[in-house]
Amino acid sequence: MTRGLRDRVLMWGGWLALWLVLSLVVCLTMPGGRSDDAEILQHVQFLAPGYRLRNPPLFEWISWSVMTLTGPSMAVVLCLRVGCVALMMALLYKLGRVLSLSTWGALAAALSVGLVPNLYYYALFDLTHTVLAGVFYVALPLAVLWARAQPSVVRMAVLGLMGGLGLLTKHVFVIYVAAALLSCAVVPSFRRLLQPRHLLVAVVVAVLVVSPYALWVIQQGADAFHLQQQESLHVDGHGSPSRLMVVVRLLSVVAAVVLPWMVWRFLFIGRALWQVAPGPARDQEAVRWLTWTLGVTLLLMLLIWMAQGAQRLEPHHVYFLALAPVAWAASFVQVDTPKVKRLAWATLVWTAVVVPLVFAVNAHKTASRCRECGPYVDYPELARHIGEAGLTQGTLYYASHTRLLSVPALVPYLPGVQMVRVDVPASESPVASRQGACGVIWQPGKDRWQQSPPDSLPVALRDALAAGQPVAVQWTARLATTNRDAQTVSLIVLPKGCP
C-alpha cells in the first residue's frame, strides 16, 4: 500500500468509523437534542439567508439541504454536528501529514482534540456552529498551503471558498482570517498569496459566498447586530472588566484547551515533547505560518475583547486551538518511535472508546435525575398527545427553554404544524399557518412566561391563557431513555385557529 493510499484510508476510514460511533452514542442517549440542536430544527422549518444575528446560517443551510432528502429529524442534526467533529480530526490528520509528521505522529496530534473536554466532550453535548467552524479552521490552512505551492486561479478560488464558508460558521472566524492574512505577510514564502492578482480571486469568491448573509445582516440594521454581539459577549456598557481580568480570562481559557493534551503527551513521550527529533526535512515556513496564525488570532481576540469591554470568553471561542497539537508536533516530533506509537494508540482508545462511554453513562444519569429533561423526553408520545388534543394542522406557539422542553423536536412527528417561538426575533420562526388550529404549550411550575405572555403570541391565545386551567389539556410527559416520568405539560388548542 502506497503512502498516499494509506493516508486516505486512515483519514476517511477513521472519519467514517468515528462518525458512526459518535452518532450512535449521541442519538441513542440524547434523542431530543440540546439547546443548539433544537435551535437548528426550529430554523430549518424554512430556508432563509439568515435566522439570528448571533450566528451565521451555514449549519442551518446544510441541515435544510440534507432534510429535503431525509425529512426533518433531530437525528440528522445530531449526526451532522458529531460528523463535523470527526471530520475536523480527519482534516487535522491530513494537515499533520502535509507538515511532514509521521503517520503515528499525525494520528496522535489529530486525535488530541479528544483529550480536551471543552473541545470534544462538550461538543458532543451541545455545539453546532462551533464544530462546523472547527472544520474550516483546518480546511483554511490546508487551502493556504495548497495555494502557496502554485497560486493558480483554481487554487486561489478554493482558498476564497474555504474562507467564505468559514465566515458563514461563526462571526469570530473573521479574526482567524485576518490573522492568516497578517501571518502571510510575516512569512516570506507566503507573501506571494498577497499579490493583488492572486488575492483578488480569493476575495471575490469569498465575497460572493457570504453576500446573501451579509445583505440580510444589513437589512436587520447595524444597531441590532451590534446589540446582539454585546449580549453574546456580556457587554453591558458599565462595569466592564479590567484589562488585566480579560488577559487572565484568556490565559485561563487557553490553559484549559492546551494543558490536557500537553500533559497527556508528556506522560507518553517525556522530554521528546519539546525536543526536535532527527527525521525527514520539514517545511519550517509552513509550521511557522501556522504558529503565527494561531498566535495572532489570540492577540487580535484579546485586543477586541478589551476594546469592547467583553465579560464573556469561553473555551469554544478559541476552538481554532484544536490545531495547536498539530502545530506543536510538527515543530518537534518528526519520526515514529515506540513511544509515539503508544501515544497514538492511547489517544485513539481515549477518543473513540472512553469518552463516548463516559458520555453515554453521564447522559443516562442526567436523564434519570431529569433536572433538564428536554434532551431525553419521548417526543413521539408527546406529539401523539398533541394530535389527540386536536392540533395536527396549524401552528404551535412556545417559549420554553429547550433544555427543559425541546418543542422543535416535535417537528418530525407533527409535519402539518408550524413551531413558532414567541420570545425570540420573528426571523427565527416560520410564518404562522393561516389554516388549521393554533395552540400554545408550556410547563406548569417550570415556565413563567405564560403568566405575562409576549405580544408576539396571538391575542386569542393570550386570552385563553388568562382564562386559566379550565381550558387547558394537561398530562405528564415520559422520558425516552429511562423508565420514568418527565415534567408536566399543559396545552391549549383553539380548533378554529388564531385570527
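These values consider heavy atoms only, across backbone and side chains, with no hydrogens, waters or symmetry-generated copies.
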In Å, rounded to the nearest 0.5 Å, how long is the span from [atom1] of [X] to [atom2] of [Y]?
X    : Y    : atom1 : atom2 : answer
C79  : L20  : SG    : CG    : 8.5 Å
N55  : L168 : CG    : CG    : 11.5 Å
T481 : H364 : OG1   : NE2   : 7.5 Å
L181 : T293 : CG    : OG1   : 9.0 Å
T476 : R484 : OG1   : CZ    : 11.0 Å
Y376 : R369 : OH    : CZ    : 8.5 Å

Distance-only, no hydrogens or angles: does the [X] side chain make a donor-acceptor pair with backbone N or O of [Y] under 3.5 Å?
X    : Y    : value
S456 : V422 : yes
W61  : A48  : yes
W64  : H43  : no
S73  : A75  : yes
T395 : S433 : yes
Q45  : Q418 : no
R34  : G374 : no

*What residues, two or more places apart in sequence or in another chain, satisfy side-chain hydrogen bond (donor to acceptor under 3.5 Å, both in side chains) together with Y121?*
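With neighbours one apart ignored, the set is N362.
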message = Tell me every residue that passes side-chain hydrogen bond (donor to acceptor under 3.5 Å, both in side chains) with S429, counting only those two or more places apart in sequence or in another chain.
response =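 Result, side-chain hydrogen bond (donor to acceptor under 3.5 Å, both in side chains) vs S429: Q42.
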Can a salt bridge be assigned to the pair E314 and R249 using a cut-off of 4.0 Å between side-chain N and carboxylate O?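 Between R249 and E314 there is a salt bridge, with a charged N closer than 4.0 Å to a carboxylate O.
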Where does the angle between the aromatic ring planes of Y137 and F173 fall among parallel (under 30°), tilted (30 to 60°) and perpendicular (over 60°)?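 The arrangement is parallel - the two ring planes meet at less than 30°.
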Parallel, tilted or perpendicular: which fits the ring planes of F59 and H129, with parallel below 30° and perpendicular above 60°?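 Answer is tilted, since the angle falls between 30° and 60°.
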I need the minimum non-hydrogen distance between [X] and [Y], along with the two atoms involved.
X    : Y    : value
V420 : P430 : CG2-O, 3.7 Å
L300 : A179 : CD1-N, 4.1 Å
A123 : V85  : CB-CG2, 4.2 Å
I40  : S63  : CG2-OG, 3.6 Å
C438 : Y397 : CB-CE1, 4.3 Å
L18  : Y120 : CD1-OH, 4.0 Å

Is [Y] close to [X] at the side-chain level, that is, under 4.5 Å between some pair of heavy atoms?
X    : Y    : value
D37  : M30  : yes
S427 : W216 : yes
V172 : F320 : no
V424 : R52  : no
E428 : R421 : no
L465 : L457 : yes
L111 : M89  : yes
Q474 : V489 : no

Requested in this report: Among V25, V131, V355, find the one that has a side-chain contact (heavy atoms from CB on, under 4.5 Å) with L124.
Outcome: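 The side-chain contact (heavy atoms from CB on, under 4.5 Å) with L124 is passed solely by V355 among V25, V131, V355.
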- request: Check salt bridge (Lys or Arg N to Asp or Glu O under 4.0 Å) between R478 and all other residues, then give those that pass, not counting sequence neighbours.
  value: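 So R478 forms a salt bridge (Lys or Arg N to Asp or Glu O under 4.0 Å) with D485.
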After noting the C-alpha distance and the side-chain angles of W12 and W15, does the key distance pass the ring-ring contact (aromatic ring centres under 6.0 Å, His included) rule?
-> CA-CA 5 Å; W12 298 114; W15 168 60; 5.6 Å; yes
Measuring centre to centre across the rings, with the benzene-like ring taken for any Trp, is F136 within less than 6.0 Å of Y319?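 No.
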